[in-house]
Amino acid sequence: MSTEEELKQERVSKAEKLRALGVDPYGGRYPDVMSTDSVRERADGLNLAAGDMAEGERARVAGRIVLQRVMGNLVFLTIRDAAGDLQFGLSKKLLKDHWPAIKLLDLGDFVGGDGCLGLTKTGELTLWADDFKMLCKALHPPPEKWHGLSDVELRYRHRYVDLFSNPEVRAVFQRRSAIIQAVRDYLISCGYIEVETPALQPIYGGAAARPFTTHHNTLDMDLFLRISPELYLKRLLVGGMERVFEVSRNFRNEGLSTKHNPEFTMVELYEAYADYNVMMERVEGMTALAIERLDGKFKRPYGEVELDYTVPWSRRKYGDLLEEFASVRMTDVDAVRKKADELGIEHGGMADAVVINEVFERTVEHHLIQPTFVYDYPAAVCPLTRRHPEDPSVALRFEAFVNGMELGNAYTELNDPRVQEENFKQQLSGQGETMAIMDEDFILSLEYGMPPAGGLGVGLDRLVMLLTDSKSIRDVILFPLQRPK
RNA sequence: GGGGGCGUAGCUCAGUCGGUAGAGCAUCGGCCUUUUAAGCCGCCGGUCGCAGGUUCGAGUCCUGCCGCCCUCACCA
């Protein structure tokens, strides 16, 4: 009895035996359960000594059986709920009527128990059940009890198994929730309101990426899954919503990596009458609140390095970094192209600004380990950004880098409709055209007048990676894309 | 797409030079009322990712394919 099918059949027949005993193997309502952590909290106040049973201190707990120790007429179960683990003590003496059903328990089943709290003689907090309910028969055995599920492919394909057998995985997603909640709370405290804009868009824009295409049957029209919410959020600035943010699932039809998933989550925000300097403070502020909610540690390990998120983060000019690490001036196009040759970059058909950016990515980015804002980008790669008032070849844009990875991207927003229209019309060779697709309604909105503003997008999956010391974006996305087997 | 690695029982993993497929956990049977990965005794469980090839003989060597991981490229 040990192939996968035989193991399952064994459990199916146990479910039938339970029914024959008059026990529903799939339970039903089980009200007034306490979480295991609140049970522990209560037990702490009882000053129990090892071996004590606290008469009258009753509790009801439900969860999944993750360990089982059977000693004839005494059974210890380790029960896991959302908060943690708790030991059940089941004795034939207290549970005579239930005993035939208890003999049919397996690892992985959900059960509920009701009884008095106590400590065993080794001091383990135990719920000594005098009432018991079968809540769900599991038909598949859980993974090995010590190592859990460690096969990476199975972990992603059967994330539900990963989650219940590897508590540290569940902890990462609890922290993810806390981080995103902190981001929301921070922005709300700054006077922002949360909005929702279309994920299905007739024209895609706001970023440079290939989209996923779909089709609406009734309207018989192609639609794109958004690569960015930018152009819609800016329309809200036109409409008089002065501080808006969206937690936006974006979709980009590009490659997969430890830092890229085809669908990913950003927080994108726009603030009227601000600029990109204010946006730097927003990045610092949301990160700081997230860290405080987690553990308050601003110096945190990430792999082999220690990252220091203490505010303020370093602010470095794009051109200065290019000189420091590539030894070329942004303005010296010949030198930049020569450097590109040295790096083996095929730059024949590329616009100057694109070549500069290629050189920057290859020479500078991997040096940006500690949290750093890089500001004032070559204007030609920033079609949605306001130009520097003293140097129109530079755009008022920054990117936030941590551990060599882009965490966020922000602009002092372009609100001149004529300049925006020109930028849309301009073809950026070697850059793809996605950022430069004409959106006439967006131009129309700018013609009605958009207040000067700062705008920012922060990759929340990446923020969660950094703050939870996760090496891959798949470790912070519950169901990362996998090819069907 | 390029390069590298991995794929053996339900799970976690061994498998030497090419010579009968192994362990632990789980399951199943037995003992057991204070265990903590409970313990002890006994049994069952395999298309070695798939398909070919070389060989007297392939988990092992070769080729192709599938899946996953890492990395580079792409994706600012």
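Letters go in sequence order (proteins before strands), and every chain restarts at 1.
Only the P atoms considered, A51(B) is 13 Å distant from G59(B), to the nearest whole Å. G46(B) and G1(B) have their C1' atoms separated by 37 Å, given to the nearest Å. When the C1' atom is compared between U8(B) and C48(B), the two are found 4 Å apart, to the nearest whole Å.
Near-neighbour residues of RNA chain B inside residues 164-173 of chain A, defined by a heavy atom below 4.0 Å, are absent.
Applying the ring-ring contact (aromatic ring centres under 6.0 Å, His included) definition to pairs two or more places apart or across chains, those involving residues 51-90 of chain A are F76(A)-W128(A). Here ring-ring contact (aromatic ring centres under 6.0 Å, His included) pairs that include residues 99-122 of chain A, with residues two or more places apart or in two chains, number zero.
Taking the salt bridge (Lys or Arg N to Asp or Glu O under 4.0 Å) definition, one finds that E263(A) meets it with R249(A), sequence neighbours left out. Residues meeting the ring pair (Phe, Tyr, Trp, His ring centres under 6.0 Å) test with H158(A), sequence neighbours left out: Y160(A). Residues satisfying the salt bridge (Lys or Arg N to Asp or Glu O under 4.0 Å) criterion with D106(A), sequence neighbours excluded, are K14(A), K137(A). By the side-chain contact (heavy atoms from CB on, under 4.5 Å) test, P202(A) is found to be paired with M221(A), L223(A), Y232(A), residues two or more places apart in sequence or in another chain being considered. Not counting sequence neighbours, D376(A) has no partner by the salt bridge (Lys or Arg N to Asp or Glu O under 4.0 Å) test. Q482(A) pairs by the side-chain hydrogen bond (donor to acceptor under 3.5 Å, both in side chains) definition with nothing, not counting sequence neighbours. Qualifying side-chain hydrogen bond (donor to acceptor under 3.5 Å, both in side chains) partners for S228(A), counting only residues two or more places apart in sequence or in other chains: none.
Residue-to-nucleotide contacts include no donor-acceptor pair under 3.5 Å from the side chain of H147(A) to the base of C11(B).
The base-pairing partner of C25(B), taking Watson-Crick or G-U wobble contacts with both distances under 3.5 Å, is G10(B).
The shortest distance between side-chain heavy atoms of V161(A) and P142(A) does not fall below 4.5 Å.
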Using the 3.5 Å cut-off, write out each protein N or O paired with an N or O of nucleotides 32-35 of chain B and the distance between them.
unit_1: C32(B); atom_1: N3; unit_2: G72(A); atom_2: N; d: 3.1
unit_1: U33(B); atom_1: OP2; unit_2: M71(A); atom_2: O; d: 3.3
unit_1: U33(B); atom_1: OP2; unit_2: N73(A); atom_2: N; d: 3.3
unit_1: U34(B); atom_1: O2'; unit_2: K121(A); atom_2: NZ; d: 3.2
unit_1: U34(B); atom_1: O2; unit_2: K121(A); atom_2: N; d: 3.4
unit_1: U35(B); atom_1: O2; unit_2: R69(A); atom_2: NE; d: 2.3
unit_1: U35(B); atom_1: O2; unit_2: R69(A); atom_2: NH2; d: 3.3
unit_1: U35(B); atom_1: O2; unit_2: Q87(A); atom_2: OE1; d: 3.3
unit_1: U35(B); atom_1: N3; unit_2: Q87(A); atom_2: OE1; d: 2.8
unit_1: U35(B); atom_1: N3; unit_2: Q87(A); atom_2: NE2; d: 2.9
unit_1: U35(B); atom_1: O4; unit_2: Q87(A); atom_2: NE2; d: 2.4
unit_1: U35(B); atom_1: O4; unit_2: T120(A); atom_2: OG1; d: 3.0

Between the protein and nucleotides 8-10 of chain B, list every N/O to N/O distance that falls short of 3.5 Å.
unit_1: G10(B); atom_1: N7; unit_2: S2(A); atom_2: O; d: 3.4

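Between C69(B) and Q482(A), a contact under 4.0 Å exists linking OP1 or OP2 to a side-chain N or O.
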